[in-house]
Amino acid sequence: MTTTPTAPETDRAEPASRTTGGRRRPRGWDLSGIPAAVVVAVVFVLPVAILCLRSVTEPTFGLENFTRLLGHAGYRDNIVRTILISAAATFLALLFGYPIAYQMVHGGRWLRTFLTVAIMAPYLTSILLRSFSWLVILGRQGPVNKLLEQVGLEPVGMVFTPIAVVVSLSHYLLPLMILPLAATMRSLGDSRTRAATSLGAGPAQAFVRVYLPLTKPGIQAGAVLCFVYGIGAFVIPALLGGSEGSMLGSLIHSAIKQSGDYGLASAAALVLGALVLAIVVGFQRLTGMSTTELAGRSGTATIRAARTGRGGRRLLKFAGRAAGGLDRLGLTRSRRLPKILAAVLGALVLAPQFIVVPISFAATKALVFPPVGYSTQWYAEFFTASWLDPLTVSVRIAFFVTIVAGVLGTLAAMAVVRGTVHRWGTLTSTLMMLPLLFPTVVAAAGFYVEFERIGLVDTELGIVLAHVTLALPFVFSVVSAGLRSLSPVYERAAASLGASRTVQLRRIVLPLIAPSIATAGLFAFLTSFDESTVAIFLSGVEVKTLPKRIFEALSLETNPTVAVISVFVMGCAAVVWLGYALVRRLTQTPRSHR
């Protein structure tokens, strides 16, 4: 066996960077992020920038489009309604999400598992399919109106109103609120709460005066994420809102696809983008949280900013007194009540997933729950070319997106985590996460306007390019996390034995981060397969994805075949979930016996 005489020196000199004449000399990994950065800059940033530019040049140079947008009462109402609906949905997500997140962290094992499934199952289901569920639930013949009839009240028309949009949007945003909240709660110990109770505070008072302020960073991060995603919503308002619940995304879509008014669409997109930018920048100034941390949905990074203003302190003081009154009455002593509340809320979150099962066997075309008769005709309808062809197109596009985004995202993660030029790494991280924070409907409008010029609209290549930019943030963040958990000592040891960088990558790095790459690939596939907004803008007669076909079915007709697709997607998600759990159990069991 031979050894390299210079191994100890190499091990000490390699850690972060090599130097030449006192200056940093970039290693090879710094350059590996260039392909992904170029793709995001050219395919995502450039069309959006040109779209914004067209707001002042289409049809003539000036502010005419903004004058039309802000001077017309209908358009102004649309902007105000967009903000109000997003705010209401964010508030509902916080109201329902906080008890669930609390029990996901502090509840028992079975409750934590149930709540995790309840939250993640809708998250893995298409927004179109969830919108279909709410069409059934809130419809004239749905369970909500039948419950109202049972108690002697008149049925209420909720579909095609802002009520339907707020309810469905808050259900869609719930995971975005719960994930940062749970991350913040996990980082907190219970020592302060126990100290408060040891000093005489009751359970409710200790919670309101001590625990609640400590979770403020998670509330802030979740609220910003929900509001940003809510304000850029397109599919839910288009299907459930009608004219009364229309939002800016619907205005952009109709201006481009129906009236060809690119100037007005560009101005509306710029206003929407400016609203999101103002929210994100304001949040960063208040909390010091970076764009990457916010896009990564981590609430733990903002704990340093957990401060309460004067108004907040007065509100907490008032709430603390009210909580103290509840403690003295003995209403907060039960430990089961919060768990029951969280379990009921989790069941309500999960219920729309399963209401489609009986609808898929309905004998009639009307969306009546429970169905008046049962048949398998919609399953037969699903196995026809009108549905299987779009399904094939979606699978093919998602496959190519997974390959391209997987390679580019992994290389970008290597550049940021293993690179030596900090400024370049920060720029690459910001570029990679940008598509995750920017409203998808604005990006879709940019894709459509610019892709139309070069003949990429209604082509699979155009959709693949657009989807790659949307899938890259997921691949980049997951692989980066895997790389950060991998000690560079293995690579240094291989280098000291003479292994080239290619050999290190092939024999050391890739095998060790293979689970992260596989998870990232799964996210990329689901992102592309499930993506609806870009597909609705870029699909046409020649190329039609499954989300585009579902959108047409829900927009133009009432078709229970969509319920069959929901059942199909739930079955696939269950198989993937169980397979992942089985593989994880099999791979962890041998280690536990070592």
Side-chain heavy-atom pair [X], [Y] within 4.5 angstrom cut-off:
{"X": "L251", "Y": "I79", "value": "no"}
{"X": "L431", "Y": "V45", "value": "yes"}
{"X": "L472", "Y": "P435", "value": "no"}
{"X": "M433", "Y": "S429", "value": "no"}
{"X": "P237", "Y": "S250", "value": "yes"}
{"X": "I219", "Y": "L212", "value": "yes"}
{"X": "L225", "Y": "M177", "value": "no"}
{"X": "L148", "Y": "E154", "value": "no"}

Mind checking what makes side-chain contact (heavy atoms from CB on, under 4.5 Å) contact with [X], not counting sequence neighbours?
{"X": "Y102", "answer": "H106, M185, F207, Y211"}
{"X": "P143", "answer": "I137, I355, F369"}
{"X": "A89", "answer": "L169, S170, L173"}

Run the side chain to side chain donor-acceptor pair (under 3.5 Å) test against [X] and tell me which residues pass, sequence neighbours left out.
{"X": "S246", "value": "N78"}
{"X": "Q205", "value": "none"}
{"X": "S528", "value": "H467"}
{"X": "Y98", "value": "T215"}

For [X], enumerate each residue passing the ring pair (Phe, Tyr, Trp, His ring centres under 6.0 Å) test, keeping only those at least two apart in sequence or located in another chain.
{"X": "F234", "result": "H253, F537"}
{"X": "F568", "result": "F382"}
{"X": "Y75", "result": "H72"}

What's the separation between atom [atom1] in [X] and atom [atom2] in [Y], rounded to the nearest 0.5 Å?
{"X": "S516", "Y": "L512", "atom1": "OG", "atom2": "CG", "result": "10.0 Å"}
{"X": "F132", "Y": "L128", "atom1": "CZ", "atom2": "CG", "result": "11.5 Å"}
{"X": "L272", "Y": "I231", "atom1": "CG", "atom2": "CD1", "result": "6.0 Å"}
{"X": "Y229", "Y": "T90", "atom1": "OH", "atom2": "OG1", "result": "13.0 Å"}
{"X": "S168", "Y": "I236", "atom1": "OG", "atom2": "CD1", "result": "3.5 Å"}
{"X": "I550", "Y": "I127", "atom1": "CD1", "atom2": "CD1", "result": "12.0 Å"}

Check: residues 155-162 side-chain donor-acceptor pairs under 3.5 Å, at least two apart:
| from | atom 1 | to | atom 2 | distance (Å) |
| --- | --- | --- | --- | --- |
| T161 | OG1 | M158 | O | 2.4 |
| T161 | OG1 | I163 | N | 3.3 |

Testing I119, V105, T116 for side-chain contact (heavy atoms from CB on, under 4.5 Å) with I100, which one passes?
-> I119
Which pair of non-hydrogen atoms, one from [X] and one from [Y], has the smallest distance, and what is that distance?
{"X": "P352", "Y": "S133", "answer": "O-OG, 2.9 Å"}
{"X": "G232", "Y": "V441", "answer": "O-CG1, 3.7 Å"}
{"X": "A563", "Y": "I359", "answer": "CB-CG2, 3.9 Å"}
{"X": "Q103", "Y": "P338", "answer": "NE2-CB, 3.6 Å"}
{"X": "T410", "Y": "V475", "answer": "N-CG1, 4.0 Å"}
{"X": "G241", "Y": "V165", "answer": "CA-CG2, 3.3 Å"}

Atom [atom1] of [X] with >12 non-hydrogen neighbours under 6.0 angstrom:
{"X": "F525", "atom1": "CZ", "result": "yes"}
{"X": "F96", "atom1": "CZ", "result": "no"}
{"X": "F91", "atom1": "CZ", "result": "no"}

L214/T184 under side-chain contact (heavy atoms from CB on, under 4.5 Å): CA gap, chis, key distance, verdict | CA-CA 8 Å; L214 290 174; T184 302; over 6 Å; no
Quick check: does any side chain N or O of E149 sit under 3.5 Å from a backbone N or O of G152, one acting as donor and the other as acceptor?
-> no
For the side chain of T527 and the backbone of A471, is there at least one donor-acceptor N/O pair under 3.5 Å apart?
-> no
Output, in order, the C-alpha distance, side-chain angles, deciding distance and verdict of side-chain contact (heavy atoms from CB on, under 4.5 Å) for V356 and L129.
-> CA-CA 9 Å; V356 296; L129 303 179; over 6 Å; no
Which pairs with one or both residues in residues 338-360 pass side chain to side chain donor-acceptor pair (under 3.5 Å), sequence neighbours excluded?
-> T125-Q353, S360-Y379
